Amino acid sequence: MAIDMASKYHSLHLPTHHGDWSLWDRIYDQLTLDDCVGLLVILVVTIAYLSHGYLWDKPDPYHHLWFEKPQARSMVNNLPAQTRNIATKLEERKKEMVIFWGSQSGTAESLAARLSREVNRRFGIESLLADLSDYDAASITDIPVTKIAVFILSTYGEGDPPDNANELWSWVTTQKDVKLNDLRYAAFGLGNSNYNAFNRAIDIVTKSLDGFGARALLPVGKADDAKGSTVEDFLAWQDELFGMLKTTLGYREQNVGYQPTLSAVYNDSVNPADIHRGIPVDPRERKKARGGRLKVYALPLTEGRELFSGSERSCLHLEFDLSQHARLKYKTGDHLAVWPQNPVQEVNRLLHMLGLQSQRSVPVSIAITEPGIELKYPTPTTLDALFGYYMDICGPMSRDLLPSLIQFAPSESSEARLAQLSSDPAAWTEYLSDKHINLGRLLEDLSEDGQSWTSIPLSFLLEYIPPLKPRYFSISSSAVVQPRRVSITALVSHTPINGNIQNQIPGLATTYLARLKAQLAAPGAASDTTSAVQILPPHHLHAHIQRSPFKLPANAAVPLILVASGTGIAPLRAFLAERSRLHRMDRPVGRCLLFYGARSAQNEWLYREEMEEVRRELGQGLFEIETAFSRDPAKDPVRKCYVQDRVRERFGDIATTLLNEGGYLYVCGSARMARGLGKIMDECFAEKMAWSKERYTEWAARMKRERKWQEDVWG
Ligand SMILES: Cc1cc2nc3c(=O)[nH]c(=O)nc-3n(C[C@H](O)[C@H](O)[C@H](O)COP(=O)(O)OP(=O)(O)OC[C@H]3O[C@@H](n4cnc5c(N)ncnc54)[C@H](O)[C@@H]3O)c2cc1C
Ligand SMILES: Cc1cc2nc3c(=O)[nH]c(=O)nc-3n(C[C@H](O)[C@H](O)[C@H](O)COP(=O)(O)O)c2cc1C
Ligand SMILES: *[C@@H]1O[C@H](CO)[C@@H](O)[C@H](O)[C@H]1NC(C)=O
């Protein structure tokens with residue numbers, strides 16, 4: 001463990017970062033580190049922290065790190081460094097397979113972990129899970145022909161690799177004379193076809209590996225998150241991989257049964273003050289700063305209102321007060337990362353189905369038993385904290401959990417049903433589309449007479465259920481106008497199953513936010529729906545600021561083209577608030593042309609009054625709004641109604657602004673809209689300015705590189 005920590009801490013200093021996102025991360029990391037240096041700061045912060053009288057502000061379990069003796073630290077550093085040579089590591093650990101993963105938000109990482117467990121369970125293959133940033137990319141050349149390498153890699157940003165794959169990326173894209181004739185590999189990419197550069201990262205990596213002489217054992221697999229089929233796409237590829245292992249490489253299928261890689265034991269001897277009761281541990285921070293909790297804050301909701309409300313969806317404007325946290329700062333264009341809680345009904349359901357209600361508050365100690373595995377959860381903790389705050393127990397179920405569950409089935413009929421569902425993707429899909437299923441609900445649905453599944457080990461759940469992730473919301477307030485208050489604009493949708501509005505799958509974070517807002521209106525009313533153990537004061541939530549490179553140009557006189565759909569207006573509202581403030585201060589402000597698209601003008605035109613107010617203030621010469629409503633019954637059916645179509649109509653203005661006036665282009669909202677916009681621009685430049693495809697592509701890439709074309713998109 002100590003070795004692991006040292007090497008993680010070390011990896012902080014490795015020059016693996018490049019690209020804009022990570023540049024931002026780096027600047028802020030630097031800030032955090034600098035902050036840690038001054039003892040005075042540490043003392044003030046510690047005193048401020050300890051003097052907080054709340055029950056929920058329990059002492060920081062990493063408190064001792066602040067006072068760690070320098071000699072103790074250097075002892076840690078003097079331990080032999082872990083090798084960064086992957087071939088050496090495979091040899092040391094006696095592994096036949098390495099599974100490299102590159103992941104930004106954890107999906108590729110958890111698929112890599114699943115594959116590692118499955119190859120072991122089905123073929124007895126010992127594999128090494130490898131975070132790409134933990135190894136020297138060049139050492140891939142040392143992997144002997146007897147081993148198998150697997151690459152699982154997602155695509156981010158504008159077709160970029162995840163941050164932890166940056167070293168591999170620069171290696172494959174810059175090296176020329178690499179010989180990889182011994183490398184046998186399989187590769188799987190994660191992406192979303194709503195984005196322009198669909199799965200570009202895995203494509204570039206595999207093309208380079210092939211160019212270096214490596215041998216692909218099977219075609220590259222690709223997940224498309226736009227279809228919501230990431231896990232099923234992965235399972236289909238995994239089936240192909242397993243088929244190849246059997247037929248081409250001669251592996252024999254066996255069933256080894258469940259072999260835990262970690263231990264989880266009830267432990268009454270832990271000090272109650274050490275127990276993690278649900279305060280989030282940021283996974284990215286856990287690696288970097290060891291403490292991990294430094295950046296997550298309890299923020300009070302101070303204002304909540306509905307921007308619109310309909311049967312299918314509603315939209316909330318929420319404001320949080322930052323004034324209690326002097327160190328917490330945001331910049332216009334950043335994101336608020338919200339840490340949701342699982343609803344208490346779901347926590348209770350799962351505890352009940354596992355027969356663990358009576359153990360819910362007993363301290364649990366978790367430890368790794370297999371070297372190389374990383375602990376995803378804080379320890380010691382409790383089931384209440386794990387199910388309420390740390391584990392994603394409400395998320396969609398994936399079919400690959402089912403075969404492993406069979407061994408723990410409480411009855412023959414539940415065993416048979418599991419076997420049937422796990423072997424029949426179509427039946428499984430139909431089952432899911434009929435019902436709202438998560439782990440607790442699955443166990444409930446498959447059990448007879450409410451029989452509980454008492455033989456499922458806790459370690460199994462900790463391995464198979466992914467950790468709860470924060471959800472990002474684009475900040476809709478300006479840090480210049482309101483530095484101590486942050487607002488977000490959240491769309492709450494009520495997705496009906498099979499068109500039945502009574503049967504919905506609530507989004508975790510958005511429902512949680514809606515509940516907080518309801519609490520604000522009627523204090524004390526909603527306590528039965530919040531999580532089991534209160535670790536937060538009323539109407540507070542846990543959140544951190546996620547830095548984003550989505551930023552206004554420093555010079556306010558630069559003209560802006562703003563394009564948004566739906567809640568994509570959020571960061572632009574902040575931009576406009578900032579520009580009107582400057583205008584009021586008699587600073588020169590550039591012209592803004594806003595394109596806004598939504599379903600209907602009556603219902604879903606977000607911040608309409610505010611936008612009109614800004615227009616009055618800046619005047620039509622400085623601020624123009626073009627709207628497009630896709631579902632307005634009143635609209636002229638002939639007139640097109642998507643934001644891209646308005647862009648086409650105003651292309652002349654846009655081209656002048658961007659080409660002749662040094663204007664910036666900002667695109668926010670759905671990824672699909674952003675891709676559509678890119679297409680329209682391409683077409684317009686071709687039709688109206690006779691640009692060749694190459695010329696447009698080169699120009700668009702340069703605009704993005706120079707950050708004159710920025711996107712804040714999701715979906
Ligand atoms: C950079 C960025 C900026 C963003 N900015 C904004 C913003 O400004 N405003 C905004 O509203 N959103 C924004 N988002 C999206 C936001 O982060 C969330 O993804 C969104 O609000 C849904 O989160 P949720 O927790 O409510 O839903 P989740 O619980 O994550 O659910 C997502 C979907 O999965 C379905 N689902 C959940 N559980 C199950 C299950 N067990 N079985 C089957 N289906 C299930 C849900 O019905 C839903 O359709 C942004 C995203 C990113 C990446
Ligand atoms: C901000 C953002 C940008 C993305 N950009 C791309 C992209 O350019 N191309 C693509 O194929 N997928 C893109 N995706 C989709 C992700 O690759 C996909 O969601 C994947 O499952 C994430 O895996 P990870 O959690 O392991 O990082 C993007 C997702 C987000 C949130
Ligand atoms: C129980 O907790 C104590 C105190 O934290 C710890 O030293 C011990 O290792 C734990 N026991 C197990 C089996 O994890």
Side-chain angles (χ1 to χ4, degrees), residues 21 101-112 152-165 189-203 222-226 228 230-231 263-271 274-275 315-316 335-338 340 346 363-367 379-380 392-397 432-433 435-439 441-442 468-476 488-497 504-514 546 548 550 566-571 668-671 675 711-715:
W21 277 86
W101 57 266
S103 181
Q104 196 73 21
S105 60
T107 322
E109 179 182 4
S110 68
L111 294 184
I152 301 182
L153 202 63
S154 66
T155 297
Y156 260 81
E158 319 266 347
D160 305 320
D163 283 349
N164 77 322
L190 287 82
N192 178 322
S193 61
N194 285 335
Y195 291 86
N196 242 331
F198 177 54
N199 260 308
R200 180 165 171 265
I202 199 74
D203 280 342
K222 284 179 191 171
D224 185 359
D225 209 42
T230 295
V231 174
S263 77
V265 292
Y266 297 109
N267 185 347
D268 275 320
S269 58
V270 310
N271 177 352
D274 291 341
I275 297 172
C315 191
L316 302 177
H335 297 128
L336 189 73
V338 169
E346 298 302 333
V364 176
S365 287
I366 310 168
T379 177
D392 186 14
I393 62 162
C394 291
M397 290 286 300
L432 287 187
S433 63
K435 286 195 166 118
H436 173 192
I437 291 295
N438 56 35
L439 180 61
R441 287 162 181 260
L442 179 79
L468 194 59
K469 286 190 245 171
R471 269 54 165 187
Y472 298 129
F473 292 89
S474 307
I475 291 177
S476 53
I488 58 172
T489 310
L491 186 75
V492 189
S493 80
H494 318 285
T495 318
I497 302 176
Q504 295 167 349
I505 304 182
L508 189 64
T510 47
T511 310
Y512 172 60
L513 290 169
Q546 181 70 29
S548 162
F550 192 78
T567 47
I569 192 72
C668 325
S670 81
R675 196 184 50 165
E711 299 188 346
D712 182 24
V713 299
W714 60 89

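Order of listing sets the numbers, starting from 1, for every ligand and every atom in it. We count residues from 1, following the sequence as given. The structure presented is a predicted model; accordingly, all values stated were derived computationally and were not measured.
- On a distance-only criterion, R200 and ligand 2 share no N/O pair closer than 3.5 Å.
- Counting the atoms of ligand 2 from 1 in the order shown, those under 4.0 Å from a heavy atom of D225 are 19 (O).
- Relative to atom 31 (C) of ligand 2, the option among Y472, Y156, F198 with the closest non-hydrogen atom is Y156.
- Geometrically, ligand 1 and N438 share no nitrogen or oxygen pair separated by less than 3.5 Å.
- Considering L316, I488, I505, I475 only, the shortest heavy-atom separation from atom 44 (N) of ligand 1 involves I505.
- Between the choices G159, A165, S103, the shortest heavy-atom distance to atom 8 (O) of ligand 2 belongs to G159.
- Remark: among candidates T155, V231, T107, the nearest residue to atom 16 (C) of ligand 2 is T155, based on non-hydrogen atoms.
- Separating the CZ atom in R471 from the CD1 atom in I488 is a distance of 13.0 Å, to the nearest 0.5 Å.
- Remark: I437 CD1 to C394 SG distance equals 12.5 Å, nearest 0.5 Å.
- Close contacts between ligand 1 and L491 involve ligand atoms 11 (O) [criterion: under 4.0 Å to a heavy atom].
- Side-chain atoms of N164 come within 3.5 Å of backbone atoms of W101 as a donor-acceptor pair (strictly under, hydrogens ignored).
- Only the side chain of W714 comes within 4.0 Å of ligand 1, judged by heavy-atom distances.
- Ligand 1 places these atoms under 4.0 Å from at least one heavy atom of S474: 3 (C), 4 (C), 5 (N), 6 (C), 7 (C), 8 (O).
- Side chain of K469 to main chain of S105: a donor-acceptor pair is present (N/O by atom type, distance under 3.5 Å, no hydrogens or angles).
- Taking any N or O of N199, backbone or side chain, at least one lies under 3.5 Å from an N or O belonging to ligand 2.
- Contact atoms of ligand 2 toward A108: 24 (P), 26 (O) (distance under 4.0 Å to a heavy atom of the residue).
- Looking at Y156 and D163, their side chains never come closer than 4.5 Å, going by heavy atoms from C-beta outward.
- Any N or O atom pair closer than 3.5 Å counts here, and G106 shares at least one such pair with ligand 2.
- Counting heavy atoms under 4.0 Å from ligand 2, residue Y195 touches it through the side chain alone.
- Under the 4.5 Å side-chain criterion, counting only non-hydrogen atoms from C-beta, I475 is not in contact with H335.
- The distance from atom CG of L153 to atom CG of L111, rounded to the nearest 0.5 Å, is 12.0 Å.
- Distances between N or O atoms of A509 and those of ligand 1 include at least one value under 3.5 Å.
- Heavy-atom proximity to A490, at under 4.0 Å, picks out these atoms of ligand 1: 11 (O).
- For A226, the side-chain contact (heavy atoms from CB on, under 4.5 Å) partners at least two apart in sequence or on another chain are N192, S193, N194, D224.
- Within the listing of ligand 2, atoms 24 (P), 25 (O), 27 (O) sit less than 4.0 angstrom from a heavy atom of S105.
- You'll find the side chain of M397 stays beyond 4.5 Å of the side chain of R441, heavy atoms only.
- Considering G157, A223, S548 only, the shortest heavy-atom separation from atom 5 (N) of ligand 2 involves G157.
- With values rounded to the nearest 0.5 angstrom, L190 atom CG is found 7.0 Å from N199 atom CG.
- Contact annotation for S548 and ligand 1: no heavy atom of the residue comes within less than 4.0 Å of the ligand.
- When the heavy-atom distances from atom 9 (N) of ligand 2 to A671, A197, A226, G191 are ranked, the shortest goes to A197.
- Inclusion of K469 in the set of residues having an N or O under 3.5 Å from an N or O of ligand 2 is not warranted.
- Between C394 and ligand 1, a contact under 3.5 Å exists for at least one N or O pair.
- Using a 4.5 Å cut-off on side-chain heavy atoms (C-beta onward), R200 and F198 make no contact.
- Close approach to H335 involves these atoms of ligand 1, each under 4.0 Å from a residue heavy atom: 1 (C).
- When only modelled atom types and interatomic distance are considered, S548 and Y472 share no side-chain donor-acceptor pair under 3.5 Å.
- At least one side-chain heavy atom of I275 sits under 4.5 Å from a side-chain heavy atom of V270.
- Between D712 and ligand 1, no pair of N/O atoms sits closer than 3.5 Å.
- The two atoms that bring L508 and P340 nearest to each other are CD2-CG, 3.8 Å, heavy atoms only.
- Heavy-atom separations between G395 and ligand 1 include at least one value shorter than 4.0 Å.
- Every atom of ligand 1 is numbered from 1 in the order shown, and the set under 4.0 Å from a heavy atom of G507 is 24 (P), 26 (O), 27 (O), 28 (P), 29 (O).
- A heavy-atom distance below 4.5 Å is found between the side chains of W714 and S474.
- Residues T230 and T107 have side chains in contact (heavy-atom distance under 4.5 Å, counting atoms from C-beta outward).
- Within the listing of ligand 2, atoms 17 (O), 20 (C), 21 (O), 23 (O) sit less than 4.0 angstrom from a heavy atom of L190.
- Side chains of E346 and N438: a donor-acceptor N/O pair is present below 3.5 angstrom, by distance only.
- Below 3.5 Å of separation, one finds no N or O of T511 facing any N or O of ligand 1.
- Of all atoms in ligand 1, numbered sequentially from 1 with element shown, those under 4.0 Å from a heavy atom of I437 are 40 (C), 41 (N), 42 (N).
- A side-chain donor-acceptor contact under 3.5 Å links S476 and T489.
- Listed here is the closest heavy atom pair of P470 and A337: CB-CB, 4.1 Å.
- When heavy-atom distances to ligand 1 are checked against a 4.0 Å cut-off, V492 has no atom that comes that close, whether in backbone or side chain.
- With contacts defined as side-chain heavy-atom distances shorter than 4.5 Å, the pair T379/V364 does not qualify.
- Inclusion of M397 in the set of residues having an N or O under 3.5 Å from an N or O of ligand 1 is not warranted.
- Sorted by chain and number, the residues within 4.0 Å of ligand 3 by heavy atom are V265, N267, S269, V270, S365.
- Judged purely by atom type and a 3.5 angstrom limit, D225 has no side-chain atom pairing as donor or acceptor with the backbone of G191.
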